[in-house]
Structure formats: C-alpha cells, structure tokens
Amino acid sequence: MTLDSTYWRAAARELRDVRKITFAALMIALCVVLGYVPSAPLFGARVTWGFLARALCGFVCGPLLGMAFGCAEDLLSFFLTGGGGYPFFPGYTLTTMLGVLIYALCLYRAKVTPARVFLAKLLTNIENVTLGALWMSILSGKGWIATASASAVKNLILLPVQAVLLYILLKALQPALRSLNLIPELI
C-alpha cells in the first residue's frame with residue numbers, strides 16, 4: 001500500500017460519505033463513553049480505552065475525515081466532561097488530530113498485520129510523549145525532559161498491551177466492517 005494520489009482521492013471522498021461521517025460521529029460518542037470506563041492498572045501505568053475508538057476511526061475513515069474527527073472528538077470530549085479539571089489548551093486538540101492521522105496513515109486501506117498495528121501504536125505513543133511533554137512544559141513550566149522521561153516510561157510499558165488490544169479489535173471487527181462496506185476487501 002502506498003500513499004499515492006489514489007489513496008488521497010479515496011481519503012477525500014470520505015469527507016462526503018454520509019456513512020463514514022456517521023461512523024466518525026459514533027466514534028466520537030464512543031470516545032466520550034470510554035472516557036468514563038475505569039482505566040486498568042499495568043505496572044504503574046494505566047491503560048485507558050479511547051485510543052481504540054480513535055484508531056478504529058482512522059482505520060475506517062482515513063486521514064482527512066480522521067483529522068476532522070480528532071478535532072471534533074477532542075473539543076466535544078473536553079466540553080462535555082469539563083476537561084477533567086484541566087484548562088482547555090489547543091495543543092491537546094492538535095495532538096489528538098495528529099494521533100488519528102498516524103493511525104490512518106498506517107491502517108487506512110491497508111492489510112491489518114501485527115507489525116503495522118505495532119508501528120501505528122509506537123508512532124502515536126512517540127507523538128503523545130513528545131507533544132504531551134511540550135504542552136505540559138508550556139502549561140506548568142516544568143522542564144520538557146523531565147516530563148517526557150516520565151511519559152516515555154509509561155508509554156513504553158503500555159505499548160505492547162495497547163498494540164495487542166488494537167490488533168485484536170481490528171481483526172475482530174473487519175468482517176462486520178467489510179459486510180457494511182465501510183472498509184474495502186484487502187489483500
């Protein structure tokens with residue numbers, strides 16, 4: 001699978017596809033709901049669940065609709081939940097949008113393989129560590145390296161578990177998504 005003009009034309013069509021827009025809206029609702037599901041402790045880190053809906057949206061909706069979803073999901077989640085006591089900061093919206101973009105670039109119109117899913121999760125975790133530490137240093141005045149170091153350890157612990165969960169979810173949902181014509185038959 002290459003990111004050629006055919007790929008981007010297909011991604012642009014998703015912006016006008018009512019079924020894909022509806023799917024993205026359902027994933028926004030799922031993200032909000034998953035925000036209320038308790039996280040699972042894992043060696044001092046905590047597995048949260050929203051990444052599953054974000055990755056699923058990138059997988060089905062592609063990079064362009066996926067980024068629009070990421071913006072809408074972050075803003076709606078913040079305002080519906082009150083932000084968990086944190087002030088609104090647009091950097092986190094950008095982080096969510098870029099995360100869905102990464103999932104889409106790795107998974108949209110591509111065969112789901114363990115390596116591809118692991119790469120998508122690895123890249124989103126790196127993005128979360130890098131940008132999350134930047135936003136925290138801007139908001140709190142703490143040093144980027146200290147914030148990034150703690151976040152990197154947590155994300156390293158979570159990476160294999162998140163990749164396995166995501167792979168299982170995508171493989172389990174593929175037949176239903178294909179039968180609904182939400183994803184194409186892949187090689």
Side-chain angles (χ1 to χ4, degrees), residues 1-35 37 47-74 76-77 92-132 155-187:
M1 208 248 2
T2 61
L3 302 179
D4 60 9
S5 61
T6 303
Y7 174 91
W8 290 104
R9 279 194 298 274
R13 280 192 304 272
E14 308 297 11
L15 292 166
R16 298 182 307 271
D17 186 330
V18 174
R19 296 177 68 227
K20 297 287 179 92
I21 294 168
T22 303
F23 184 86
L26 288 171
M27 292 301 100
I28 290 172
L30 184 58
C31 281
V32 171
V33 169
L34 290 173
V37 174
V47 178
T48 57
W49 312 107
F51 78 94
L52 294 168
R54 291 181 195 102
L56 186 57
C57 188
F59 174 61
V60 171
C61 297
L64 302 178
L65 181 54
M67 285 196 310
F69 152 85
C71 180
E73 184 269 318
D74 186 76
L76 286 169
S77 291
Y92 292 116
T93 304
L94 177 62
T95 300
T96 302
M97 292 171 65
L98 292 176
V100 179
L101 174 64
I102 291 168
Y103 286 127
L105 291 174
C106 291
L107 302 170
Y108 176 68
R109 302 180 74 80
K111 184 175 182 179
V112 176
T113 64
R116 187 177 291 278
V117 171
F118 185 84
L119 177 65
K121 195 62 208 129
L122 173 65
L123 293 174
T124 57
N125 283 16
I126 291 170
E127 179 240 359
N128 286 335
V129 168
T130 305
L131 291 179
N155 276 273
L156 188 60
I157 291 168
L158 295 175
L159 177 61
V161 173
Q162 290 175 323
V164 167
L165 289 171
L166 183 55
Y167 179 77
I168 291 169
L169 176 72
L170 294 177
K171 291 304 274 188
L173 291 179
Q174 268 186 320
L177 295 170
R178 279 193 191 112
S179 71
L180 294 170
N181 292 321
L182 288 171
I183 61 172
E185 275 299 323
L186 301 173
I187 298 170

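Since we're looking at a predicted model, the values are computed, not measured.
- For the atom pair Lys20 NZ and Asn181 CG, the distance stands at 9.5 Å (nearest 0.5 Å).
- What you find for Leu30 and Ala53 is that their closest heavy atoms are CD2-CB, 3.9 Å.
- Here the side chains of Leu64 and Glu14 are not in contact, with every heavy-atom distance at 4.5 Å or above.
- The minimum heavy-atom distance between Leu105 and Leu3, with the atom names listed, is CD2-CD1, 4.0 Å.
- Here the straight-line distance linking atom SG of Cys61 with atom CZ of Arg19 works out to 11.0 Å at 0.5 Å rounding.
- Between Phe51 and Leu34 the shortest side-chain heavy-atom distance does not fall below 4.5 Å.
- Listed here is the closest heavy atom pair of Phe69 and Cys57: CG-SG, 3.4 Å.
- Shown here for Arg178 and Pro184, the closest heavy-atom pair between the two residues is NE-O, 3.8 Å.
- A distance of 8.5 Å separates CD1 in Ile126 from CG in Leu159, rounded to the nearest 0.5 Å.
- If you look at Tyr7 and Tyr108, their ring centroids are closer than 6.0 Å.
- In terms of heavy atoms, Glu127 sits closest to Leu94 at OE2-O, 4.4 Å.
- Although no hydrogens or angles enter the test, the distance criterion places a donor-acceptor pair under 3.5 Å between the side chain of Arg116 and the main chain of Cys106.
- We find the CZ-CG distance between Phe59 and Leu173 to be 8.5 Å, quoted to the nearest 0.5 Å.
- To the nearest 0.5 angstrom, Arg54 atom CZ is 13.5 Å from Met97 atom CE.
- Residues Tyr167 and Thr113 come closest through the heavy atom pair CE1-C, 3.7 Å.
- Taking 4.5 Å as the limit, every side-chain heavy atom of Tyr92 sits out of range of all side-chain heavy atoms of Ser77.
- From Thr96, atom OG1 reaches atom CE of Met67 across 13.0 Å, with rounding to the nearest 0.5 Å.
- Residues Phe23 and Leu56 have side chains in contact (heavy-atom distance under 4.5 Å, counting atoms from C-beta outward).
- For the pairing with Ile28, the side-chain contact (heavy atoms from CB on, under 4.5 Å) check across Val33, Asp74, Leu76 returns one residue only, Leu76.
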